[in-house]
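Read the structure below first, then the notes.
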Amino acid sequence: MATSRESEVVALLEEARRVFHKEFGSEPTLAVSAPGRVNLIGEHTDYNDGLVLPMALELVTVLVGIPRSDGLISLVTTSEYVDEPRRVEFPVPTAEKPLEPGIPRWANYVKGVIQHYPAAGPLPGFSAVVASSVPLGGGLSSSASLEVATYTFLQQLCPDSGAAAMRAQVCQRAEHSFAGVPCGIMDQLISLFGQKDHALLIDCRSLETQPVPLSDPGVAVLITNSNVRHSLGSTGKELLTKEEFRRARHVVGEIRRTSEAAAALRASNYKAFGRLMVESHDSLRDDYEVSCPELDQLVTLALSVPGVHGSRMTGGGFGGCTVTLLEADAATRAMQHIQEQYKGTASFYLSKAADGAKVQPL
């Protein structure tokens, strides 16, 4: 279970510094962090120019490193769950020799940000180690947290020349062009601009953001990882053409639900917020058809626990996580009930709404 943001960052920084010294024989001088996120409501609406309501998590990606003068970039990841190799080296991109995606795939997220970074001057080479507590493939934006951590690190090497919102667009572009994932803008925005004790209502058309208080100590946010990920298989193409009316109905309804949910949260009306979460899940299951039996079971189990306000799948679907809003004193009871009854093996994360990307002291 996740601890506080501060202890999470300290532990990751210690791990990253230890690996850095082992790999590069010196101590890092720069460190940054960027959080993962959970979307409370507003699913599959970000790339449809709709509203979303995510919060930044206490689960983070950290990046530590030093500049170097030989024009090379060396990267190491501490993750055991990425493709090999875990150490890569390549030259700083130039107009004549831009970076291109390749193997290992995990490095493409970093390469993409480097390639598209709007540097105000010459970008130096660097050596860096990446460590993260954001689970891979769980729908909690491990990719966006890596992209935003990379961007924030590059800012320490060479200032950027763009507006604040452009930072998110650069990270989104990196994911599109180097990872091949046509994601919306939500993940990068919340990882950059999340606020402690607040969710963030984002209009994905205008990129306008509005903080929504989420600081009541009597309320908790529980994330449950199903630890399954189903392949789309042959249904991937069908999803682009099948039942378009019902899918459009989900998007329209989800935008409305997200607006109402933000209002409910501002009024501390957690019962209304929970009802909208359940409506969202039902629509994702029946209209958008992106849930799966494991996510449905996790939602049903959570809703059977006294003190739970609402629960829904979160993320792209076909596995990953659910998010549950509940009374704080019901969290242990809910986790125990789910673990006993869930047909798989669940992992749990209790998280408060956290800040976005930060420069960290070493």
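Along the sequence shown, residues are numbered consecutively beginning with 1.
Sorted by first and then second residue, the pairs that involve residues 321-337 and meet side-chain hydrogen bond (donor to acceptor under 3.5 Å, both in side chains), not counting sequence neighbours, are S304-H337, S311-T324, Q336-E340. The side-chain hydrogen bond (donor to acceptor under 3.5 Å, both in side chains) contacts involving residues 118-129 comprise R68-S127, where partners must be two or more places apart or lie in separate chains.
Environment of CZ in R205: sparse, with no more than 12 heavy atoms of neighbouring residues, nucleotides or ligands closer than 6.0 Å. Counting non-hydrogen atoms of other residues, nucleotides and ligands closer than 6.0 Å to OH of Y81 gives a total of 12 or fewer. Remark: R105 CZ is loosely packed, at most 12 non-hydrogen atoms of other residues, nucleotides or ligands lying under 6.0 Å away.
Only one option out of D49, D203, N48, L51 pairs with I255 in a side-chain contact (heavy atoms from CB on, under 4.5 Å); it is L51. A side-chain contact (heavy atoms from CB on, under 4.5 Å) with I202 is found for one member of T209, L207, T45, N39 and no other, namely T209. When each of R173, K111, E147 is paired with F178, the side-chain contact (heavy atoms from CB on, under 4.5 Å) condition holds for K111 and for no other. Screening N225, T224, N227 against S347 for a side chain to side chain donor-acceptor pair (under 3.5 Å) leaves a single residue, N227.
Side-chain contact check for T150 versus Y109: every heavy-atom pair is 4.5 Å or farther apart. Side-chain atoms of Q172 and C183, non-hydrogen and from C-beta on, do get closer than 4.5 Å to each other. Contact check for V148 versus P35: no side-chain heavy atoms found under the 4.5 Å cut-off. Using a 4.5 Å cut-off on side-chain heavy atoms (C-beta onward), Y349 and V221 make no contact. With contacts defined as side-chain heavy-atom distances shorter than 4.5 Å, the pair V38/M55 qualifies. By the 4.5 Å heavy-atom criterion applied to side chains, S291 and D296 are counted as neighbours.
No side-chain N or O of H250 forms a donor-acceptor pair with one of E43 less than 3.5 Å apart. Judged by distance alone, the side chains of H116 and S177 do bring a donor and an acceptor atom under 3.5 Å apart. Looking only at atom types and distance, the side chain of S283 has no donor-acceptor partner in the side chain of E254 under 3.5 Å away. Under the 3.5 Å distance criterion, with hydrogens and angles disregarded, no donor-acceptor pair is assigned to the side chains of S280 and R257.
In plain terms, the two heavy atoms of A174 and G112 that are nearest each other are CB-C, 3.3 Å. In plain terms, the two heavy atoms of D287 and R249 that are nearest each other are OD1-NH2, 2.9 Å. Shortest non-hydrogen contact noted between P67 and L157 is CB-CD2, 3.7 Å. Heavy-atom minimum distance, S79 versus R86: O-NE, 2.8 Å. Among all heavy-atom pairs drawn from R229 and G139, the shortest one is NH2-N, 4.1 Å.
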Evaluate the criterion side chain to side chain contact (heavy atoms under 4.5 Å, CB included) for residue pair S26 and I66; output intermediate values, then yes/no.
-> CA-CA 9 Å; S26 61; I66 56 173; 3.8 Å; yes

Passes side chain to side chain contact (heavy atoms under 4.5 Å, CB included), V62 versus V130? Steps please.
-> CA-CA 6 Å; V62 303; V130 177; over 6 Å; no

From CA spacing to verdict: salt bridge (charged side-chain N to carboxylate O under 4.0 Å, His left out), R87, E23 = CA-CA 9 Å; R87 178 168 177 168; E23 293 287 336; 2.9 Å; yes

M313 vs V323, side chain to side chain contact (heavy atoms under 4.5 Å, CB included): CA-CA, chis, key distance, verdict = CA-CA 6 Å; M313 61 154 280; V323 58; over 6 Å; no

Could you go step by step and tell me if V92 and L72 meet the side chain to side chain contact (heavy atoms under 4.5 Å, CB included) rule?
-> CA-CA 6 Å; V92 174; L72 293 177; over 6 Å; no

Audit row: R285, E289, salt bridge (charged side-chain N to carboxylate O under 4.0 Å, His left out) steps and yes/no | CA-CA 5 Å; R285 180 193 62 209; E289 298 182 333; over 6 Å; no

Taking it one step at a time, do D187 and R37 satisfy salt bridge (charged side-chain N to carboxylate O under 4.0 Å, His left out)?
-> CA-CA 7 Å; D187 298 353; R37 67 97 185 95; 2.8 Å; yes

Taking it one step at a time, do E279 and R275 satisfy salt bridge (charged side-chain N to carboxylate O under 4.0 Å, His left out)?
-> CA-CA 6 Å; E279 287 181 9; R275 173 180 55 77; 3.1 Å; yes

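Using cut-offs of 30° and 60° on the angle between ring planes, the pair F24 and F20 is tilted.
For the atom pair CD (E89) and CD1 (I73), the distance works out to 9.5 Å, reported to the nearest 0.5 Å. Expressed to the nearest 0.5 Å, how far NE2 of H309 lies from CG of L303 amounts to 12.0 Å. Atom NZ of residue K271 and atom CG of residue L325 lie 13.0 Å apart, to the nearest 0.5 angstrom. The CD atom of E84 sits 10.0 Å away from the CH2 atom of W106 when rounded to the nearest 0.5 Å. Between E27 atom CD and R17 atom CZ the span is 5.5 Å, to the nearest 0.5 Å. The distance from the CG atom of L63 to the CG atom of L13 is 10.5 Å, given to the nearest 0.5 Å.
S141 places no side-chain N or O within 3.5 Å of a backbone atom of A144 that could act as its donor or acceptor partner. No side-chain donor-acceptor contact under 3.5 Å links H198 to the backbone of A353. When atom types are taken as modelled, the side chain of Q115 and the backbone of E100 share no donor-acceptor pair closer than 3.5 angstrom.
Under the 4.5 Å side-chain contact rule for hydrophobic residues, V278 and V305 share a cluster.
Salt-bridge formation is not detected for the pair D355/K196: no Lys NZ or Arg NE/NH1/NH2 atom is positioned less than 4.0 Å from an Asp or Glu carboxylate oxygen.
Taking the ring axis of Y151 as reference, the NZ or CZ atom of R167 does not stay both within 45° of it and closer than 6.0 Å to the ring centre.
Residues passing the side-chain hydrogen bond (donor to acceptor under 3.5 Å, both in side chains) test with S191: none are found, sequence neighbours excluded.
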